[in-house]
Each structure stands twice: as C-alpha cells, then as structure tokens.
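Residue indices begin at 1 and follow the sequence shown.
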Amino acid sequence: MSSSPPRFDRGHTDDLMTFLADSPTPYHAVATAGERLEKAGFRKLDETAAWDGTSGGKYVIRGGAIIAWYVPEGAAPHTPFRIVGAHTDSPNLRVKPQPDMGAHGWRQVAVETYGGTLLNTWLDRDLGLSGRLTLRDGGHRLVSVDRPLLRVPQLAIHLDRQANEGLKLDRQRHMQPIWGLGDDVREGDLIRFVAEEAGVNARDVAGWDLMVHALEAPAYLGRDRELLAGPRMDNLLSVHAGVAALAAVPAAGEPEFIPVLAAFDHEENGSESDTGAQGPLLGGVLERSVYARGGGYEDRARAFAGTVCLSSDTGHAVHPNYAERHDPTHHPRAGGGPILKVNVNQRYATDGSGRAVFAAACEKAGVPWQTFVSNNDMPCGTTIGPITAARHGIRTVDIGVAILSMHSARELCAADDPFLLANALVAFLN
C-alpha cells in the first residue's frame, strides 16, 4: 500500500444524516451511492454491454440494488474479493396498484405493509411519498414528495379505552393513510399528482413503485449529542459506511484483494428477487469481472475460494427497559463499537475463522468491537449473510451496529458507532 486509508470521525456521522435524508427509498439510496462513487472516480457500467478488464472503480445499478468494485492495477483473474454486504430496503408502507380509496368524507391512499414493520410508529406522524415512476419508453423517474402529505390517524382513546393496555392494529383496516377530504374518489388521482411532482405527464406513466417515508429529519439527541435518531438506519447506516469505505480505497493505494460493495434490495422480505441477495446479481457481477480480466472457470473458483464477505446489518443494543429479552452474558452497548453477530443455527454466518478476520480488521483500524448472541428463548433474526455464504460458497461474517427501535419509522444509535464501523470496513477492504 502506498499510503494509509483515511480515518473517519464525527464528520462521517454528519454525512450519514445527509445520506439518510437523501435516500427515502432504495432507488434513491443507490442513486445517491452512485453519485458519491462517481466523485471518487468510479464509473457506471451497463449490464447489457460488454465489460473490459481495465483497472479502476466500477459499479452497476439494478433497481434498488448496487454492486461496486475496484480492480487494482495488474490484478490477476483469480484475485480474491473482499466484500461488504448490506441492504437498501427498510420496513414501511407501500402504495398498492390501485391506490385511490376513501370513506366517510376522507380521501385515502391504499397501502400494503412491507417487511416487519413496527406499525404503531407510523401512527399520527407527518408522512411524505417517494419512489420511482416507470415510463412508457422504459425509462424511470425518481420522485420524492418531501413535505407533509399523508397521515395514519390513531383512534382516539375515548373510542378505545383499552389502547394503553395493548394496542392491536389490523394491517388492512387501520393502516390506510389519509391525504385529503371529499367523497369523490377518482381513479388515477394519486398517480396524476405524483407525475406532476416528478415533472412528467401522467399519460406517460406505465408503472410505479411508491412508498411512504417519515419526514422528521435525522438529528443528534441527548444532553451531549451522543445519540443519533433517524429513519432507515436499518440498513442505510451500513450502506453509507460501505460506500465511504469503498470510495476511500483508491486514495489508499493498490489493495491485494478486489474490494466490493454489494447493497441488495428486498432483505426485509426474504431477499428473493432479481435485486435481492437470493438472486444472481452478485455472482454474475463477480464472475463477469473475472472473465473480463481473461479468466476462466478455474480462476473464478480460485477467486471465490479466497473471498471473504462482511455482511453488515444493524443489530440489537441491550434495551434498558427490557434487558431480560437479551442474552444474560452478551450485552452489546451503544457506543461500544461494531458488533460481531453469532448464531450456531446459521441465522448468522459467522464462525471462528470469520471472527478472526473481523477482529483483525478492527485491530488494524483501532476500533473496539463486541459480540451479539440472541437469548435462547427468543427467535433470532437473519441477514443476507447466510444467503451469501450458501449461494456463492463465500466465507461470510455477520457484523453491524447496535441500535434501539429496530424497524421503527425512527431508530436510535450512538452517534460514534457509524464512523467506528466505517473505519473497520475500510481496514477490511484494504
């Protein structure tokens, strides 16, 4: 290496807040990531075009997913990859194909719940609308109505005296947001409005992927501003750290591996899509990179055998009001650095050799780290880690940042943990 990678500090967390605000949907997140990589010298490739074996930074975007990589000068076809894996999607409310509805003088938007949403966190909150429009010519147009437009009103306690004893929400009946007054619900109203916001003619809109987003901006919290509150930290916090770490690679000299960022869509509902970790996107990109450098199947096999992936996703900090829900001997703390996530039933892909890789990266970066294990009596969530390991035969390690309020419309972490994660990732990639 010709020089040392940069050290991230609290300025990284400031930048994360901007990234979260600029990325209300997976489509916005990958567009923002692509713009940042372009500034670092990466260039966008077309999946339908032939690829060459030149060195430098490259990336592809498909839907709400982005794969980016940096080929060092003179890299052999069998050079292994170092991958940071993450996902761009977050639980939320998504617009149905026939969105216009209403009753009793209220105009509403028909939505479907996406992923494991904490439904009550979307109640009585000012909401915007964002996503992408697909045009008749096959193009796409990003749109973000970033002002108070929608609201899911909770039933008054006078009409539900037991609300504080245990709120029960019906996803179909209770989660449809209001956006106006009137009895004349007209088909096409919402899309005409969104098309106008996007600057296109509604007649040119052939399809849409729209979702609701919370409007409250990310913010430092607490007496000493040592906490960060914001939306979509699961898992744009990891995407942002991965982009920053990969963008820093060229300035640090030529690494001995090929650093990669793989940020997938649809993790929150099982990853089974052409842009999810279960799909062929990552494997196809890595294989094409090998073949573009003159390699064959043997080179691909050698490269994959030496590859390591850090699957970075948020995890659970110990909740001070529910400490009994956590493992009694593993207490990840906010501000304690990134966490290594372990589950012997392979809900996480970490094993002893993976632990050694992560520990070495943290030691190189001077970053503290901690371990997360689920309480044996609680079901354990999962990530793209086991999927990546099983689908591609790649050694994978599950890590992340410990947060509270996971899957809420607004989540909470220690303000220093995002840059500690980024420092560990840049050490791993280099």
For residues 62-88, pull every pair meeting salt bridge (charged side-chain N to carboxylate O under 4.0 Å, His left out), keeping only residues two or more places apart or in separate chains. E47-R62, R62-D274
Any donor-acceptor N/O pair, H407 side chain to P91 backbone, under 3.5 Å: no
Result for side-chain contact (heavy atoms from CB on, under 4.5 Å) between V84 and one of I399, L425, V426 points to L425
Residues forming a side chain to side chain donor-acceptor pair (under 3.5 Å) with D160, sequence neighbours excluded: none
How about CZ on R36, more than 12 heavy atoms from neighbouring residues, nucleotides or ligands closer than 6.0 Å, or not? yes
Euclidean distance, H330 NE2 relative to N375 CG, rounded to 0.5 Å: 12.0 Å
Could you tell me if the side chain of N430 sits less than 4.5 Å from the side chain of K364, heavy atoms only? yes
Could you check if a side-chain atom of V357 sits within less than 4.5 angstrom of a side-chain atom of F428, using non-hydrogen atoms only? yes
Summary of side chain to side chain donor-acceptor pair (under 3.5 Å) pairs that have at least one residue in residues 276-289, sequence neighbours excluded: E287-R300, S289-R293
Compare all side-chain heavy atoms of D126 with those of R151 and state whether any distance is below 4.5 angstrom. yes
Any pair with a residue in residues 304-326 that passes salt bridge (charged side-chain N to carboxylate O under 4.0 Å, His left out), sequence neighbours left out, goes on the list, sorted by first then second residue, please. none
Please lay out, stage by stage, how L404 and H319 fare under the test side-chain contact (heavy atoms from CB on, under 4.5 Å). CA-CA 7 Å; L404 293 183; H319 197 302; 4.1 Å; yes
By side chain to side chain donor-acceptor pair (under 3.5 Å), which residues pair with K96, not counting sequence neighbours? Q172
Between D52 and T54, is there a side-chain donor-acceptor contact under 3.5 Å, judged purely by atom types and distance? yes
I'd like to check the side chain to side chain contact (heavy atoms under 4.5 Å, CB included) partners of D224; sequence neighbours left out, ordered by chain and number. E226
Using the six-membered ring wherever Trp is involved, compare the ring planes of W369 and F358 and label them parallel, tilted or perpendicular (cut-offs 30° and 60°). perpendicular
With a 4.5 Å limit on heavy-atom distance, are the side chains of L228 and L221 in contact? no
Any sub-3.5 Å donor-acceptor pair from H331's side-chain atoms to D327's backbone N or O? yes
List the steps and the verdict of side-chain contact (heavy atoms from CB on, under 4.5 Å) for Y27 and D209. CA-CA 9 Å; Y27 313 111; D209 301 280; 3.5 Å; yes
Would you say L123 and P153 make side-chain contact, with heavy atoms under 4.5 Å? no
Y114/M211 under side-chain contact (heavy atoms from CB on, under 4.5 Å): CA gap, chis, key distance, verdict: CA-CA 9 Å; Y114 175 83; M211 56 201 75; over 6 Å; no
Please identify each residue that fulfils side chain to side chain donor-acceptor pair (under 3.5 Å) with D14, with sequence neighbours left out. Y220
Pick out which of F81, W51, F42 makes a ring-ring contact (aromatic ring centres under 6.0 Å, His included) with W69. W51
Between H174 and D170, is there a donor-acceptor pair closer than 3.5 Å when you use the side chain of the first and the backbone of the second? yes
Between D137 (side chain) and G139 (backbone), is there a donor-acceptor pair under 3.5 Å? yes
Applied to residues 398-418, the salt bridge (charged side-chain N to carboxylate O under 4.0 Å, His left out) test, sequence neighbours excluded, yields R10-D416, E216-R410
Can T18 and D15 be counted as having a side-chain donor-acceptor contact under 3.5 angstrom? no
Apply the test side-chain contact (heavy atoms from CB on, under 4.5 Å) to residues L190 and V95: give CA-CA distance (whole Å), side-chain angles for both, the deciding distance (0.1 Å), then the verdict. CA-CA 10 Å; L190 181 72; V95 176; 3.9 Å; yes
D46, CG: over 12 other non-hydrogen atoms inside 6.0 angstrom: yes
If I compare all heavy atoms of A263 with all of T88, which pair ends up nearest, and what's the gap? CB-CG2, 3.8 Å
Any donor-acceptor pair under 3.5 Å linking the side-chain atoms of D146 with those of S144? no
Neighbour count >12 (heavy atoms, 6.0 Å) for atom CD, E112: no
Would you check if the side chain of T121 reaches a backbone N or O of A409 as a donor-acceptor pair within less than 3.5 Å? yes
What pairs of donor and acceptor atoms, side-chain ones from residues 241-248 against any protein atom, are under 3.5 angstrom apart with sequence neighbours left out?
none

Could you list all the ring pair (Phe, Tyr, Trp, His ring centres under 6.0 Å) pairs where at least one residue sits in residues 240-276, not counting sequence neighbours? H12-H240, F19-H240
Evaluate the side-chain proximity of L20 to M233: yes if any heavy-atom separation is below 4.5 Å, no if none is. yes
Using distance only, find each side-chain donor-acceptor pair of residues 28-35 under 3.5 Å and give its atom names and separation, not counting sequence neighbours.
from : atom 1 : to   : atom 2 : distance (Å)
H28  : ND1    : T25  : OG1    : 2.7
H28  : NE2    : V143 : O      : 3.4
T32  : OG1    : H28  : O      : 2.9

In this structure, CG of L421 is separated from CG of L310 (nearest 0.5 Å) by 9.0 Å
Kindly indicate whether the side chain of P332, heavy atoms from C-beta on, has any atom under 4.5 Å from the side chain of V318. yes
d(F419 CZ, D9 CG) to nearest 0.5 Å is 6.5 Å
Could you state the interatomic distance from CG (N235) to OG (S312), rounded to the nearest 0.5 Å? 6.0 Å
Main-chain N/O of K341 paired to T350 side chain as donor or acceptor, under 3.5 Å: yes
The criterion is side chain to side chain donor-acceptor pair (under 3.5 Å); which residues satisfy it with R225, sequence neighbours excluded? none
Is a donor on one side and an acceptor on the other found under 3.5 Å between the side chain of T396 and the backbone of I394? yes
Interatomic distance, L118 atom CG to S405 atom OG [nearest 0.5 angstrom]: 8.0 Å
Sidechain-backbone polar pair: R141 side chain, A198 backbone, donor-acceptor under 3.5 Å: yes
First locate atom CD of Q176, then atom CD of Q108, and finally report the distance between them rounded to the nearest 0.5 Å. 7.0 Å
Considering non-hydrogen atoms only, spot the tightest contact between T13 and P418 and give its length. OG1-CB, 4.2 Å
Ionic contact status for R94 with D89, cut-off 4.0 Å: no
Check whether any side-chain heavy atom of L261 sits under 4.5 Å from a side-chain heavy atom of I67, and report yes or no. no
Scan I384, T388, T382 and name whichever one has a side-chain contact (heavy atoms from CB on, under 4.5 Å) with P386. T382
Determine whether a donor-acceptor pair (N or O, by modelled atom type, separation under 3.5 Å) exists between the side chain of T275 and the backbone of G64. no
Judged by atom type as modelled, is there a donor-acceptor pair below 3.5 Å linking the side chain of Q370 to the main-chain atoms of G337? yes
